[in-house]
Chemist: 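This is the structure I have questions about; it appears just below.
Sequential numbering from 1 along the given sequence is applied to the chain's residues.
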Amino acid sequence: MTIKFRSIARATAVAVTLLIAARAAAEPVQSWPTKVTASYKLSFTGFGEVGKLEFQSQVDGAAYTSTGTAEVKVPLIYAWSSNIGGAGKLVADEPKPLTYSFSSKGKPIIGAAKHNSIRLGFKDNIVNQVNITPPHNPDGPKYVPILPEHMKNALDPLTAVMTFTRVNGSSPCARRIPIFDGKQRFDLIMTSAGQQKVAETRPSGQPGIGYLCKVRYFPIAGHKNNDETKSASDKTDIEVALRPIPSANLLVPYRVTVATKYGTGTMLLQRMDIVAPGQKQIALVH
């Protein structure tokens, strides 16, 4: 059972990261939404609703900040919580990260709680600070070594999602994004899986057709060089449904699914409030 709920935690962690897309897809700096708040429901196959995720982002001039919290609770079995945050600056139409942080706590019904934290610092598109607790040392033949070049021009997970949710030609799903999360350097390879209708309980006046993207993990360094990693890199077990909101210059992730061998974790948008350019208020209720 412990392994199973680690899978829930993994699905939720991915969902937290992907949520930050809610303020992307902007063109000039002045057109970015000044504030976004959102609430998502988290569920897992066979257990129904298991948690929630809350998110807020703000843009002030050329600076941006993001914060998010997530909780997963299965009574008498497992509890997991996390905090994620990031800050950076907007240069022309590109987000440039300055800091990134992620912390989590997992507590099974039997066994001790586990705490983890990651803090990254950036300067001139290079990772110049890495702090991980407990220490992470991927040494030895089991791991692919992380080299200095892997720290260059790689994005933290928050900035990566901001990038892939920007409009890119006719399909927002045609992406390959380089990421360093503190432990691994990998690419996310995104491909289109078509379009689908978006359901909402309160008409928002926004387009009702969304984009469906498949996401594949492609390891570069810091990972274990084994069959399990190879199997993970061969799969497209993450799916993101994005809804275009033209009046706010962004794409909203209204559903994220992460398939595991134990079931599927899902993040589904419940409500999102957007302060668009010109102080226009937009509310999405699903």
Chemist: Give a yes or no on whether the backbone of L158 and the side-chain of D156 come within a donor-acceptor separation of less than 3.5 Å.
Modeler: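 Here the side-chain-to-backbone pair exists.
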
Chemist: I'd like to know whether the aromatic ring centres of F218 and F186 sit less than 6.0 Å apart in this structure.
Modeler: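 Distance test on ring centres: not under 6.0 Å, no.
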
Chemist: Please answer whether the main-chain N or O of G111 pairs with a side-chain N or O of K107 as donor and acceptor at a distance below 3.5 Å.
Modeler: yes

Chemist: Sort out for me which residue in V252, I282, T37, V285 forms a side-chain contact (heavy atoms from CB on, under 4.5 Å) with M272.
Modeler: V252

Chemist: Under 4.5 Å between side-chain heavy atoms, counting indirect links through other Ile/Leu/Val/Met/Phe/Trp/Tyr residues: same cluster for I179 and I132 or not?
Modeler: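 Yes, I179 connects to I132 through the hydrophobic network.
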
Chemist: Does the S81 side chain pair with the main chain of E71, one donor and one acceptor, at a distance under 3.5 Å?
Modeler: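 Side chain of S81 to backbone of E71, a donor-acceptor pair under 3.5 Å: no, none is there.
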
Chemist: Could you check Y217 against Q184 for side chain to side chain donor-acceptor pair (under 3.5 Å), going step by step and ending with a plain yes or no?
Modeler: CA-CA 11 Å; Y217 157 77; Q184 290 191 34; 2.6 Å; yes

Chemist: Sequence neighbours left out, what passes side chain to side chain donor-acceptor pair (under 3.5 Å) with R216? Give chain and number order.
Modeler: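 For R216, no residue satisfies side chain to side chain donor-acceptor pair (under 3.5 Å) once neighbours in sequence are set aside.
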
Chemist: Are L212 and I238 in one and the same hydrophobic cluster, where Ile, Leu, Val, Met, Phe, Trp and Tyr link if side-chain heavy atoms are under 4.5 Å apart?
Modeler: no

Chemist: Should the pair Y254 and H286 be assigned to parallel (<30°), tilted (30 to 60°) or perpendicular (>60°) ring geometry?
Modeler: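 Parallel: the ring planes of Y254 and H286 meet at under 30°.
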
Chemist: Take S39 and E54 through the test side chain to side chain donor-acceptor pair (under 3.5 Å) and record every step on the way to the result.
Modeler: CA-CA 5 Å; S39 177; E54 305 289 338; 3.3 Å; yes

Chemist: Thinking salt bridges, do R243 and E200 make one under a 4.0 Å N-O criterion?
Modeler: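 Salt bridge between R243 and E200, a charged N being under 4.0 Å from a carboxylate O: yes.
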
Chemist: Indicate if L98 and V130 have the same hydrophobic cluster label, given that clusters are the connected sets of ILVMFWY residues with side-chain heavy-atom separations under 4.5 angstrom.
Modeler: no

Chemist: Do you know the tightest heavy-atom contact between P134 and H115?
Modeler: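 For P134 and H115, the tightest heavy-atom pair comes out as CD-O, 3.3 Å.
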
Chemist: Same cluster or not: F47 versus Y40, using hydrophobic residues (I, L, V, M, F, W, Y) connected whenever any side-chain heavy atoms lie under 4.5 Å apart?
Modeler: yes

Chemist: Please enumerate all residues that pass side chain to side chain donor-acceptor pair (under 3.5 Å) together with D187, with sequence neighbours excluded.
Modeler: R176, R185

